[in-house]
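Everything below concerns the one structure shown next.
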2 protein chains.
Amino acid sequence: MRRDSKLSGVLHVLLHMAQQPGPFTSETLAKAMDTNPVVIRRIMAGLRDLGYVRSEKGHGGGWTLACDLSKVSLRDVYAALGSPPLLAMGNRTEAPGCLVEQAVNAALDQAFRDAEALLLSRLGEVTLAMLGDGLRRRLGSRKLQGISAHQA
Amino acid sequence: MRRDSKLSGVLHVLLHMAQQPGPFTSETLAKAMDTNPVVIRRIMAGLRDLGYVRSEKGHGGGWTLACDLSKVSLRDVYAALGSPPLLAMGNRTEAPGCLVEQAVNAALDQAFRDAEALLLSRLGEVTLAMLGDGLRRRLGSRKLQGISAHQA
DNA sequence: GTCTCATGTAACTTTATATGTTACGTGATC
DNA sequence: GATCACGTAACATATAAAGTTACATGAGAC
């Protein structure tokens, strides 16, 4: 399974947007993320539908934040992406007729459910505003203002 | 990402083997698992290297259990498979230069690590013997002996 | 009104990986 | 030495994430 990085990506975008005002075009964001504008639009679509960001067409258009960052958790963002699978492993067969497989599934499912629940809970505890704080800490330790957050 | 089901698969195999004595050929196991003998050999290789099972060539050969089922946990089996990734999500970039991405990664990594640790811990609590107990419960509720555990 | 810009979205391509399959080598039993 | 069963490399297939192209739609700019 290729590793899904949409959550990581969309958080990166949101945090960049929080650093400065003004609409950002998909192309601008795509450059900062070293990816394609269409990919940006794709991962932002769910956030727009939930009202976390707004998008405007035409001249001067682009993406703008439209939510209180302290009220949106990483779990909310995850949900906005359509709640993709969290675990890389799964059962060979769901609802198997084989009793052996049922026994295996039951044991694994329990562990899987617990892990997923914990992960969701952790994501629910972190808001976008907290991510911003973490970023400011990192910027501060540079002892410089005005330095780009983007640095190869 | 396609979902990895090697753990589920290998547990299924081991539990089947625990139900009756005697070496099982890869082909027999493959039929029971509705897959290919080579796949069986592949997922069993790690277990053999760790001494959980033995394999014999030639006439009357095949796979045999070689461990105390009450001493081997699902976590041990997972490790025998080479500890494949547990989570379906990951960071877009490891060790990024971008401070924004660092802030995002730091937050996600914390949540990811916690979830992985919990999952491993849960897997560590369950032994193969316990899986066998679960199976016997299911068999018992059928109120019949001799009925195949394999039933479409 | 029309030109340009920016999003919206479908369709296609690329890449990664899990799984399935074929082929053949090695060693053990008959 | 014929057959059986594992060991393994090489190749094929399937699925899904991510990248790309193409074009439609709507909003300013002129």
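So you know, we letter chains A, B, ... as the sequences are listed, proteins then strands, and number each from 1. Just the heavy atoms: all of them, side chains too, but no hydrogens, waters or symmetry mates, feed the values below.
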Please tell me which of A/H59 and A/V39 maps to the more 5' nucleotide of DNA chain D, matching each residue to the nucleotide holding its nearest heavy atom. A/V39
Starting from the 5' end of DNA chain D, give me the residue, B/R42 or B/E56, whose nearest nucleotide shows up first. B/E56
Between the base of D/dA17 and the side chain of A/R2, is there any donor-acceptor pair under 3.5 Å?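 By the distance-only test, yes, there is a pair.
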Roughly how bent is the helix from C/dG1-D/dC30 to C/dC30-D/dG1 end to end, in steps of 10 degrees, with each end axis from five pairs?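 Angle reported: 10°, given to the nearest ten degrees.
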Measure the spacing between CG of B/L108 and CD of B/E101 and express it to the nearest 0.5 Å.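 One gets 9.5 Å once the value is rounded to the nearest 0.5 Å.
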For the CG atom of A/L74 and the OG1 atom of A/T127, what is their distance to the nearest 0.5 Å? 7.5 Å
So which protein N/O to nucleotides 22-26 of chain C N/O distances come out below 3.5 Å?
residue	atom	partner	partner atom	Å
C/dT26	O2	B/K57	NZ	3.3

What I want to check is whether the side chains of B/S5 and B/S8 have a donor and an acceptor closer together than 3.5 Å.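 No, no side-chain donor-acceptor contact under 3.5 Å.
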Nearest-Å distance for atom pair [atom1]/[atom2], residues [X] and [N]:
X     : N      : atom1 : atom2 : answer
A/M44 : C/dT7  : CE    : P     : 10 Å
A/K31 : D/dT20 : NZ    : P     : 13 Å
A/K6  : D/dA16 : NZ    : P     : 11 Å
A/W63 : C/dC5  : CH2   : C1'   : 15 Å
A/E27 : C/dT4  : CD    : C1'   : 14 Å
A/R54 : C/dA6  : CZ    : P     : 18 Å
A/I40 : D/dA18 : CD1   : C1'   : 12 Å
A/M89 : C/dT19 : CE    : P     : 9 Å

Would you mind classifying the nucleic acid contact of B/R48 as base, sugar-phosphate or nothing, using non-hydrogen atoms under 4.0 angstrom?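 Counting heavy atoms under 4.0 Å across all strands, the contact made by B/R48 is with sugar-phosphate only.
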NA contact type, B/G60, heavy-atom cut-off 4.0 Å: base, sugar-phosphate, or nothing? nothing
What donor-acceptor contacts under 3.5 angstrom involve side-chain atoms of residues 54-62 of chain B, with partners at least two apart or in another chain?
none

Which other residues end up in the same hydrophobic cluster as A/V39, if Ile, Leu, Val, Met, Phe, Trp and Tyr are linked when side-chain heavy atoms come under 4.5 Å apart? none
Side-chain hydrophobic cluster, 4.5 Å single linkage: members besides B/L118: A/L118
Those residues that, when tested against A/R136, pass salt bridge (charged side-chain N to carboxylate O under 4.0 Å, His left out) (two or more places apart):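 For A/R136 the salt bridge (charged side-chain N to carboxylate O under 4.0 Å, His left out) partners, ignoring immediate neighbours, are A/D133.
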